[in-house]
Each structure stands twice: as structure tokens, then as C-alpha cells.
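To keep things clear, I will list the structure first and then write my remarks on it.
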Amino acid sequence: MTQLDRVRPHRRIATALSMLLLALVVAWQSLAAAPPRAIDPQANPLRTPDTSSPRTTLESLFRNLEQAYRIGQDESQPAEATLAPLRRAKRTLDLSEVPRSLVNETGTETALLLKEVLDRVGLPPLDSIPDADTVVDKELEKWRIPHTEMVIHRVASGPRTGEWLFSPATVENAREFHELVADLPYLPGATPGLLEAYTLTPGAGISFYWAEHAHFPGWLSQVALEQALWQWLLALLSILLTLLVAYGVYRLARRREKRLASQGVKTRWPTLFALALALLLTNATGYFINSVVNFTGEVLFFKLRAFVILNYSLAAWIAASLLTSIPEAIISSRRLRPRGIDSQLLRLGFRLLALIAIAAIVIDAADRIGLPAYSVLTGLGVGGIAVALAARETLANLLGSISIMLDRPFRIGDWIKIGNDEGTVEDIGFRTTRIRTFYDSLLSVPNSVTTNATIDNMGRRKYRRVRTFVDIRYDTPPAAIEAFLEGIKEVIKANPCTRKDYFHVVLHDFGPHSLKIMLYFFVKVPDWSAELVERQRVLLEIVRLAAQLDVRFAFPTQTVAVENLPGQTMSPTAEPTDEQLLAAARQFASGGNAARPRGLGLFTPPAEEGR
């Protein structure tokens, strides 16, 4: 045997071991990837009832409620163990027209009511009830239990399309059907006391043990409005405790807000906390009544609707308070002027958001208690049109306020003119703009008028014009006039608030009793008060300048010429000849001895300075 022959068996063994290891790995992976084996369908709590025909729907209702009956009679089983079969029984009902807040309670109670009715009136033979093949062959859309008004129909739309369920009308009238047959005896094979045990069991589920062994004093077991007296007392005590705690916290929050307001801090956060706590307590009380008191029937439906309305009212209150508090927090944090346009615009935007939030809450609440959202929207639309027609002016003013806040033609503190009215803007509200006139009255102008009027915003001026006249006497020498004009120019230049690149100081006209000097200049000041101060400073400097130059201001005078006094005769004066007058006039022509076309050189007109 060669060396090669001795090596080959070892290679064959190694190859075989490798193949075996590979096979084990593949087998392990295939086992690991295989899905778990399904459990028995009857033991699966997630299974759904068979609703493929009227027969299977009835069988599902009876089978699941009988299972709940057996579990409820077992003392070792908790009441919650009946929830799965009760849920499956409820799924045999068409609850599409039941309000969302009532679906769970309505479904369970209706299934039990129908079982109670059928346990007394009975069903036809099972083979006479249409099965899946029969409904296809006969093209059935609904089937009525013989000699009753209970109908099982085929759902035509929605998430349960094609299933056979007890119709919405049957669900709605189930309690009435039960009242009509309540005095009839149970038939063989019934589940007697199932509905009563559900009613007496606290919380969800069914427990016959609780119904039979819950011993109360006789007066607590008395029934009023289909509920035991102990249920009424427990529910009222829980509601009263909730109201006391919620109201107490709310009053403390309001006191806290008033204390902070006295210190200059305005806030709504304590009230928001109190409202949130009230909402939490309300939900906890509703849960307690559902899980312990366990109202049934019409009282249950009234309680559910009342708590929905209460919860949504608190939610709307919280939304409104929160959305009106946010802009105040923003205004405070950014140090905006509380009555400025930015602040008003923030408030208006968040108030509109609050209205939208409240409308959404109202619509959702209406849907939960059974009012169609479409009808609510239609009602809100019609109501909105009615309000719009009845309050056209108010809406016009509101839209005007929005326009003012967006366009910002003026702001608080501006001096504006609107038509014949003028004054300082004191407040921009949602209906009117309030203007403090210069005789200290408060003028309220509707915003609809403001937006359509021509507004002269005197407060937005970069420069404020001063135009006035200085009257000096006719006997002022021309040289003094030119020096006076030049001095006034220097006064204007020296003032730090005047505009230096554009002003006029000129001898403007010959008045009836004076020479009129026009002053035309601008001051750069923030408001009217500063304008008056700077105007005063310039005028006072002019008065001092006039005193320095011995220029006298004129006042209205009249000169009376008397030809001769009594007893006196006027000596004749020689009148100048025409040649003398012409020669004197020619002295003012170009090159003449008296001509001074550019003045005396003391005054430079503004046009020569440039702008």
C-alpha cells in the first residue's frame, strides 16, 4: 500500500464529516426560519365571529354569549375572562350608526338584550335559516327572524362590507324588544340571568358570584331608574368630590393670578393648571363610574353623553385660555409694546386659532354624542351667514382692524389726520381706532371707516417743516436787513436738530405794514412736542439776533398824512422834473452808482449755497 492509498480514507472521512455538519446547519436554519405553528382556533382570543350568513351570525351570537355565561358562573374565573366572548358577540351587530362614545357599552348591552329576547321567543329550525350558499343563490340582502322585527342584513359599505350583521334598526330597538318580552318565561337551553349579572357586576365583564354574594342593606338594593340605590349614591359622591376639588383648585388659581397681577405680573398659567387638573379628575371620575358603579341602560347613555360634553367643554376652555396666553407670553418675552400693532396682530392671530380649535372640538364632540358632523358643519355655516348678515358692520370693523395691522398705515403714538379729525393714536382695537385729539377728547373711529379713508400720518415724517414769517419795520436799513437774513441762516445751521442741506430765509414780500421775511426750514425730531421745543429755540435765537442788530419787529400801524394844520400854510415844494426822476432810476441799472443787484454781500441766498 502506497502512502497515497493510506491518506485517501482520511480524506473521505473528513469529507463525510463536513457534509454532515453542513446538513445540520441547513436543517437548523430551516427549523429556525419556519413560522410557529398556529394554536387551536377555538382557543385563540383574537379570532373573529363568523358572520358570512344569517345562520352563522346567530350561531356566533349564541355561542359566544353561552361561553360568557359558563365563564361567569365559574367562581375561579375573574369577570374580565368574559370580555373576549362578549367582544366577539358584540361584533355580530352593525354599530355604524351608534355614536363613537357609546359603541362599547351599546354593543355589549345590545348583544345581551337580543340574547334575552331570543331566549324567550325562540328561533326557527337551524336548517331554515339562510346559510352562505342560500344567500348567494337567492341573492338575499337581509333576513328577518320570523314573527319579529329583528333583521340581519348584509352590510353594503364601510370596513365590514359583505358581513351579515344585526341591522342598525334592530340595535336601536333592542331595549324596546326586551321590555315587550320581559314577562315571558325562558325557553329550554336559555342562559337565564345573564343580563342581570352583567348589570350587577362592577366594571366590565360578568360574574354571577358577585351578583349572588354582594350583600347590601335592603334600602341600598332598592332600584330607581333601573339602577340600584348604592350605584346612585356612589356615583353622586364621586361626582360631588370631583366638583369640590376642581372648584377649590380653580379658586386658588384665580387668587394666585390676582396676587401676581397686583405685583405687575399678568399670567393665566395657574388657571390653565386648574383646568387641566379638572379635566384629569373628570376623566378619572368617568372611569371610576364605568369600572365600579357600572350604570346600564338609558342612565348609562345619559352619563356617557354628559361626560363627553363636560370633557370637551373643559378641553375647549383650556384651548381658548392657552391660545390667548401664548401671545401675552411672547409679548412679554420680546418686550413688545402691549398695545402696539405687533402685539395686537399676535393677539388677533391666536384668537383666530382659538376659534378654529373650539370649532374643531365642537364638531368632534357632536360626532361622539351622535350628532352628524356634516349637520354640525352645515349648522355652523348657516349660523355664520346669519351672524354675518346681522353684524355686517362688526365684521367690516374686524376686517378693517386686520387690514390696519397688516398694512400698518400708523401705529400707537403717531399723529394722524383722518378727514377733518386729527390727533394722536392711543389704541388700535378690533372694532375702533381711538384717537386723542389736541383738545384732549377721545375720538373713536370705526376701523371700516379708517381703512377706506385717506390717512395723513404726521408721525411718520422724517423731517418736520417749519414755515413762518417775520415782519420787520419799513425803516430798517437794507444793510441791516441783509445782515439779519444772514444771521438767521447761521441760527438755523447752529441748531443740532435742523436740516442743513435745505432751508430758505428770504425777504419774501412787502406787507401792508411791514417787510415780510419768510423762514422755511425742517427739524428732525421724533414727535410734536420735540418739534415745538426746537421751533421755540430757533425763534428765540432770532429774537436775540434782532436785538443785537437793532432790527425792530413791525406791528400793525397806520400813518395819517395831514396836509396842513389849522392856521398854518404849507410852503410849496419843488417837484422833481422828469429828467431828474429818470436819472435817479437809471442809477439802479447795471453799472449805476446805486445798483446793488447782489446785495451788500452780507447775505447769500440759499439758491447760491446749493442743496
Whether the side chain of Ser128 engages the backbone of Pro124 through a donor-acceptor N/O pair (distance < 3.5 Å, no angle test) should be reported. no

Name the residue from Glu116, Lys115, Glu66 that meets the side chain to side chain donor-acceptor pair (under 3.5 Å) definition with Thr191. Lys115

Which distance, rounded to the nearest 0.5 Å, do you find between the CG of Leu310 and the CG of Leu279?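 One finds 8.5 Å between CG of Leu310 and CG of Leu279.
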
Sequence neighbours left out, what pairs pass salt bridge (charged side-chain N to carboxylate O under 4.0 Å, His left out) with at least one residue falling in residues 50-60? Arg55-Asp131

I need the full list of salt bridge (charged side-chain N to carboxylate O under 4.0 Å, His left out) pairs touching residues 235-254, with sequence neighbours left out, sorted by first then second residue. Arg254-Glu257

Contacts of Tyr312 that satisfy ring-ring contact (aromatic ring centres under 6.0 Å, His included) - sequence neighbours left out: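 Partners of Tyr312 under the ring-ring contact (aromatic ring centres under 6.0 Å, His included) test: none.
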
Residues forming a ring-ring contact (aromatic ring centres under 6.0 Å, His included) with Phe177, sequence neighbours excluded: none

Walk me through it: do Thr56 and Ser53 pass the test side chain to side chain donor-acceptor pair (under 3.5 Å)? CA-CA 5 Å; Thr56 56; Ser53 68; 3.2 Å; yes

With a 6.0 Å cut-off (strictly less than), is the heavy-atom count around CZ of Arg256, excluding the residue itself, greater than 12? no

Give a yes or no on whether Tyr287 atom OH has more than 12 heavy-atom contacts from other residues, nucleotides or ligands under 6.0 Å away.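 No - once you tally the heavy atoms of other residues, nucleotides and ligands closer than 6.0 Å, there are 12 at most.
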
If you measure only the distance, is there a donor-acceptor pair under 3.5 Å linking the side chains of Thr285 and Thr242? yes

Quick one: list whatever passes side-chain hydrogen bond (donor to acceptor under 3.5 Å, both in side chains) with Arg160, sequence neighbours left out. Glu163

Only pairs at least two apart or in different chains count here, so list each side-chain hydrogen bond (donor to acceptor under 3.5 Å, both in side chains) that has a residue in residues 142-157.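 Matches after skipping sequence neighbours: Asp94-His153.
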
